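Taking it in order: structure first as structure tokens, then the write-up.
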2 protein chains.
Amino acid sequence: MERTSLRMMQRAVVGVAPVEGDATLSQSIRRAVDLIRRAAEHPLSLTEAAEVLGVHKSTALRILQTLESARFVRRTGAGTYVLGSGIIELSELALGSMDLRQFAAAPLRTLQRKTGHTVHLAQLTGDEIIYIDKVDSPAFDAVKLPSRIGRAVSIYASAVGKTILAYLPTEERDRLLSHVVFERFTPTTYADRESLDAELLRIREHGWAVDNGEHDTYVMCVAAPIRDSRGRVIAAASMTAIEVIANLDQLKESLPLLLDTAKQISGELGHTADLG
Amino acid sequence: MERTSLRMMQRAVVGVAPVEGDATLSQSIRRAVDLIRRAAEHPLSLTEAAEVLGVHKSTALRILQTLESARFVRRTGAGTYVLGSGIIELSELALGSMDLRQFAAAPLRTLQRKTGHTVHLAQLTGDEIIYIDKVDSPAFDAVKLPSRIGRAVSIYASAVGKTILAYLPTEERDRLLSHVVFERFTPTTYADRESLDAELLRIREHGWAVDNGEHDTYVMCVAAPIRDSRGRVIAAASMTAIEVIANLDQLKESLPLLLDTAKQISGELGHTADLG
DNA sequence: TGACACCGTTGCATATAGCGCTACGATCGT
DNA sequence: ACGATCGTAGCGCTATATGCAACGGTGTCA
């Protein structure tokens, strides 16, 4: 009993929400995941790790040692733990095996160079839209976009999300959106199913999508669909601008290049462009 | 007892070496790591996962569910498990926060474009040399180099490894090499401490290193050191050629560009090049 | 220089968390 | 329609992960 009470007490004190607390999940693995996440953010001392988890130091030590043996974390000279190369290696392995990413890499970089905008590639992966590549604009390294490879992006409040959604088979779209709880991030967000459906219709008519600051007021995007060999839209490429750099009209000037790029990538994937 | 015997039996049958079997390490975390690794290689069914670990299906299920809740793995429509975006996200977080990588990105890409060779950036991280960036040559996408971002590279049988080793403080170099068991990968490998020391001396004299097929017969490299603001060599940049594409002499023609690039990156890191 | 405080590490006894088992439901292929 | 295979849920047992106490090392302040 003392273990439980100590654990609960300390967890309450720390007040951090770790991985969701389903009872059927494995405790030690959840703790390990928590520590990996923390270590990815900033170097973690053993004592700190124990406090974060609300466990005894020896417990945290064993977890960290296990993770270290897998190279998921690494001990620095100062004795703190940081993310290890094992994670990075796995990630590269996964990204490298994505055909889409390989085919798209060169065209996306060309697009970036020609337009100067930050370019993204996003893919429907399971129930999420994930950025799988990103080419930064060298123009504004100071202003950091919140996007990151591997991160999920809003399915209804982003140009890439809406693009993929627009071309999805109806039942698949319904299934995805049934999970969704709509949230009005900004005044321009399509925050209910009806207005979103109308927007998706517009996207299908045009063949491209716009994000007019629908998730973050100052972030504008245009996106175009990418099709596989069977003609199905499986991904989307986008150009992003932060308001101060380029407004939406400027982005639209580069739209033909974006559409060309998307078509080119689709071609690499074996899509014969007959259907338009 | 039945549990143990079942486990040992099946593990023996599978014959795969998982994370080292130190008794003080956490069993379930080790199992989780194993499953992550497997899932990264190819989609994993539940039954397969259980077989791989040598545990009951329900056990494997609980582990996979926990990993899924952390988005370390993801369920595909077919019910199999593959690597999830959580891993990729973590990796990007770690790589993105490396100053060296950010400063080096543009110069390395310029170098690649000018020379056409595949370019690598490697860093001493803990006791390992890790690739932290790579710019592929568009010339040979068929011939795949074994290198990957995040993967450790031989410390004594690679151009980047030898370069970093050459400029390390003596006691640090001794410490690193004391762990090493030399192995003669190819006829050109420096497979003992004496010949390696002589090679390191040559590297310091020239200011750059060569890998003349010392790990893989057909892989040639040249590398140059990168220094931080205190003048210490913390990383190395290299150009790689596969024999059929460019031989070592061709690589050396581009050497001035490589040295320039390395110097430029060092400059970005705050190194004042007075000392040469 | 001593004494205190803090950190990481080890060994051990304990009970909890993770395990295998059984049984059920679903899906598939014959 | 049937068997076979797969994934899932619940349950009781114990192996496993845990907290604890004690130790050694390293600073830090008086």
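Not measured: the values here are computed from a predicted model. In the text below, chain A, chain B and the rest are named by the order of the sequence lines, each starting its count at 1.
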Write out a two-atom table: protein N or O, nucleotide N or O from nucleotides 8-10 of chain C, distance below 3.5 Å.
unit_1, atom_1, unit_2, atom_2, d
C/dG8, OP1, A/Leu46, N, 3.3
C/dG8, OP2, A/Thr47, N, 3.0
C/dG8, OP2, A/Thr47, OG1, 2.3
C/dG8, N7, A/Lys57, NZ, 3.0
C/dT9, OP1, A/Arg75, NH1, 2.6

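The nearest whole Å value for the distance from the CG atom in B/Leu25 to the C1' atom in D/dT18 is 15 Å. When rounded to the nearest whole Å, the span between CZ of B/Arg62 and P of D/dA9 equals 12 Å. In this structure, B/Glu51 atom CD and C/dG20 atom P are separated by 14 Å, rounded to whole Å. D/dT8 atom C1' lies 13 Å from atom CD of B/Glu68, rounded to whole Å. Note: CG (B/Leu53) to C1' (C/dG20) measures 14 Å, nearest angstrom. B/Ile63 places its CD1 atom 16 Å from the C1' atom of D/dG7, with the value rounded to the nearest Å.
With respect to A/Leu44, the side chain to side chain contact (heavy atoms under 4.5 Å, CB included) criterion is satisfied by exactly one of A/Val82, A/Thr80, A/Leu35: A/Leu35.
Contact annotation: B/Ser28 side-chain N/O to C/dC19 OP1/OP2 distance is not under 4.0 Å. Between D/dG19 and A/Thr59, a contact under 4.0 Å exists linking OP1 or OP2 to a side-chain N or O. For the pair B/Gln27 and C/dA17, the criterion of a side-chain N or O lying under 4.0 Å from OP1 or OP2 is not met.
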Please output the side-chain donor-acceptor pairs of residues 149-162 of chain B that fall under 3.5 Å, not counting sequence neighbours, one pair per line with the distance.
unit_1, atom_1, unit_2, atom_2, d
B/Arg151, NE, A/Glu89, OE2, 3.4
B/Arg151, NH1, B/Pro146, O, 3.0
B/Ser154, OG, B/Tyr156, N, 3.4
B/Ser154, OG, B/Ala157, N, 3.0
B/Tyr156, OH, B/Glu183, N, 2.7
B/Tyr156, OH, B/Glu183, O, 3.3
B/Ser158, OG, B/Ser154, O, 2.8
B/Ser158, OG, B/Gly161, N, 2.9
B/Lys162, NZ, B/Glu199, OE2, 2.7
B/Lys162, NZ, B/Val210, O, 2.7
B/Lys162, NZ, B/Glu214, OE1, 2.7
B/Lys162, NZ, B/Glu214, OE2, 3.1

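Summary of helix geometry: the two end axes of the helix from C/dT1-D/dA30 to C/dC28-D/dG3, each defined by five base pairs via their C1' atoms, are inclined to each other by 40° (rounded to 10°).
Annotation: side-chain contact (heavy atoms from CB on, under 4.5 Å) contacts of A/Ala39 (sequence neighbours excluded): A/Val73. Every residue was checked against the side-chain contact (heavy atoms from CB on, under 4.5 Å) condition with A/Ser229, not counting sequence neighbours, and none meets it. With sequence neighbours excluded, the residues that form a side-chain hydrogen bond (donor to acceptor under 3.5 Å, both in side chains) with A/Asp197 are A/Arg193. Scanning for ring-ring contact (aromatic ring centres under 6.0 Å, His included) contacts around A/Tyr131 gives A/His120, with sequence neighbours left out. Scored by the side-chain hydrogen bond (donor to acceptor under 3.5 Å, both in side chains) test, A/Ser58 finds A/His56 as partners (sequence neighbours excluded). Shown here are the side-chain hydrogen bond (donor to acceptor under 3.5 Å, both in side chains) partners of B/Ser28, two or more places apart in sequence or in another chain: A/Ser28.
No hydrogens or angles considered: nothing links the side chains of A/Thr66 and B/Ser26 as a donor-acceptor pair under 3.5 Å.
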